Amino acid sequence: MAGRSNIVVSAAVRDALAGGAPVVALESTLIAHGLPRPRNREVAMELEQQARDRGVTPATIAVIDGVPRIGLDEPDLRRIADDVHVVKLSVRDLPVACATGWTGATTVASTALLASRVGIRLFATGGLGGVHRGAGDSFDESADLVTLASTPITVVSAGVKSILDISATLERLETLGITVIGYRTSTFPGFYLPHTTYDLDWRVGDASQVATTMTAADTLGLTSAIVVANPLPSDQALDPALHDRVLADALAWAAERGIRGKAVTPFLLETFHRETGGASLEVNINAVRNNVAVAADIALAWAATDPAAADRTYRP
Ligand code: PSU
Ligand code: MN
């Protein structure tokens with residue numbers, strides 16, 4: 001089926017990119033597999049509207065009937081949110097989904113890759129995938145990390161969830177040459193909690209400093225991602241005692257039930273939402289909202305940088 005897997009960019013996103021207007025990519029796995037139905041559909045639409053309200057074009061990304069789509073129309077967005085047959089697609093799954101006409105939601109890795117392919121430079125998500133606890137035995141490390149190592153996109157996230165091994169994830173981000181910047185923070189955020197005990201080397205105070213950092217990365221010819229770690233305001237955080245209790249249970253149950261591979265993250269998130277009586281869900285949604293706001297501000301600052309200076313790559 002020649003041509004079937006061409007990346008299709010929506011008219012709104014195409015026009016924005018062509019005119020140098022701000023665009024923010026949004027992932028769909030968080031909608032399909034990270035949040036419960038039917039709330040996930042409301043959130044998917046709200047996040048897009050939030051970007052538009054700030055003058056930024058949202059580009060939610062997914063594979064629909066074998067076609068990678070950048071910018072979904074409302075029926076496609078509904079399908080990603082509602083249809084229980086929507087699968088989770090990381091980078092390695094994309095070619096098969098395209099070849100077989102499948103419909104799936106894209107993870108941070110595959111969203112970043114597809115966004116970057118069409119020239120999108122900003123991406124808002126909730127939490128990044130990372131190194132799972134026990135990865136020394138299971139080798140379970142999200143493909144998000146290795147993909148971001150070779151994808152020049154700026155990803156705004158609230159850090160990684162405590163369901164992961166945060167220390168190991170930070171080590172891998174360093175090894176892979178992925179730039180990590182705290183957004184108005186000097187410690188790595190813990191998604192449900194604004195802070196972890198891990199210090200960051202770099203901190204910026206506003207969106208324009210991130211845009212300047214992106215320019216510098218381009219000038220240096222870097223092709224790795226920049227992770228902007230954006231903590232949740234403390235008044236929106238999960239109660240730490242509840243967090244610690246549920247985390248211990250969720251990890252134990254995953255191990256008992258032998259949950260493996262790409263099912264691990266959705267299982268832990270679902271358990272968290274259920275066992276906190278929905279509190280973690282509200283925290284999760286707020287984290288994504290905050291990240292969309294910051295990504296939109298960075299996209300605006302990036303769009304305002306001098307286009308004449310756009311091709312700044314140093315050539316000896
Ligand atoms: N972390 C979250 N919420 C999510 C995910 C991660 O806090 O919904 C999703 C993202 O789409 C991420 C993916 O890219 O899970 C990582 O899955 P895995 O660990 O199987 O690579
Ligand atoms: Mn995994």
Side-chain angles (χ1 to χ4, degrees), residues 25-37 39-40 43-44 47 60-63 80-81 86-94 104-115 123-149 151 153 155-166 168-169 172-173 178 188-193 196 225 227 229-232 238 243 246-247 250-251 254 258-273 276 280-291:
L26 301 169
E27 62 145 318
S28 46
T29 291
L30 114 85
I31 300 301
H33 304 286
L35 303 173
R37 294 180 201 89
R39 187 78 192 278
N40 62 344
V43 173
L47 296 174
T60 305
I61 297 180
V63 176
I80 288 297
V86 168
V87 293
K88 173 178 166 183
L89 303 173
S90 191
V91 171
R92 67 173 192 162
D93 307 305
L94 290 175
T106 48
T107 62
V108 168
S110 46
T111 304
L113 182 101
L114 290 168
F123 172 17
T125 182
L128 293 180
V131 180
H132 283 261
R133 291 163 185 248
D137 294 319
S138 69
F139 282 69
D140 190 353
E141 171 182 326
S142 176
D144 291 356
L145 297 183
V146 73
T147 301
L148 292 179
T151 307
I153 196 161
V155 190
V156 182
S157 92
V160 296
K161 289 202 174 105
S162 44
I163 57 176
L164 300 177
D165 182 334
I166 298 173
T169 301
R172 290 291 290 152
L173 286 164
I178 298 167
F188 195 60
F191 195 90
Y192 295 123
L193 307 172
T196 62
V227 169
N230 179 36
L232 198 71
L238 197 62
H243 168 272
V246 172
L247 176 62
L251 292 168
I259 309 284
R260 279 201 206 94
K262 67 196 219 179
V264 171
T265 301
F267 173 84
L268 291 173
L269 297 183
E270 192 192 312
T271 306
F272 236 89
H273 294 159
T276 60
S280 80
L281 176 59
E282 296 313 313
V283 177
N284 196 341
I285 293 169
N286 278 332
V288 187
R289 286 182 182 129
N290 289 334
N291 295 339

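In each ligand, atom 1 is the first atom listed, and ligand 1 is the first ligand listed. The structure presented is a predicted model; accordingly, all values stated were derived computationally and were not measured.
- Shown in contact with S142 at under 4.0 Å from a heavy atom are these atoms of ligand 1, numbered in order with element: 16 (C), 18 (P), 19 (O), 21 (O).
- The set of protein atoms (N, O or S) found at less than 2.8 Å from the Mn ion (ligand 2) reads D140 OD1, by chain and number.
- Distances below 4.0 Å separate heavy atoms of K88 from the following atoms of ligand 1: 17 (O), 18 (P), 20 (O).
- No option in D165, D140, I163 other than D165 meets the side chain to side chain contact (heavy atoms under 4.5 Å, CB included) test with R133.
- Interface of T265 with ligand 1, defined as ligand atoms under 4.0 Å from a residue heavy atom, comprises 5 (C), 6 (C), 15 (O), 17 (O), 18 (P), 19 (O).
- On a distance-only criterion, T106 and ligand 1 share no N/O pair closer than 3.5 Å.
- Distance from atom 11 (O) of ligand 1 to its nearest protein heavy atom, with residue and atom name: E27 OE1, 2.6 Å.
- Applying the 4.0 Å criterion to heavy atoms of K161 picks out, from ligand 1, the atoms 2 (C), 3 (N), 7 (O).
- When side chains are defined from C-beta on, L247 counts as touching F272, because their heavy atoms get closer than 4.5 Å.
- The shortest side-chain heavy-atom distance between T169 and L128 does not fall under the 4.5 Å cut-off.
- Checked by atom type and distance alone, the side chain of H132 never pairs as donor or acceptor with a backbone atom of G261 at under 3.5 Å.
- Between E27 and the options T107, T60, T125, T111, a side chain to side chain donor-acceptor pair (under 3.5 Å) holds for only T125.
- Ligand 1 has an N or O atom lying under 3.5 Å from an N or O atom of D144, backbone or side chain.
- Sparse packing is recorded around CZ of R260, with 12 or fewer heavy atoms of other residues, nucleotides or ligands lying under 6.0 Å away.
- For the pair N284 (side chain) and S280 (backbone), a donor-acceptor distance under 3.5 Å is absent.
- Within the set V131, T125, L30, the minimum heavy-atom distance to atom 8 (O) of ligand 1 is found for L30.
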- Message: F191 vs L238, test: side chain to side chain contact (heavy atoms under 4.5 Å, CB included). Steps then yes/no.
- Response: CA-CA 9 Å; F191 195 90; L238 197 62; over 6 Å; no
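- Close to ligand 1: H132, with a non-hydrogen atom less than 4.0 angstrom away.
- Within the 3.5 Å criterion, the main-chain N or O of A250 finds no donor-acceptor partner in the side chain of T271.
- An N or O contact shorter than 3.5 Å is missing between G34 and ligand 1 by distance.
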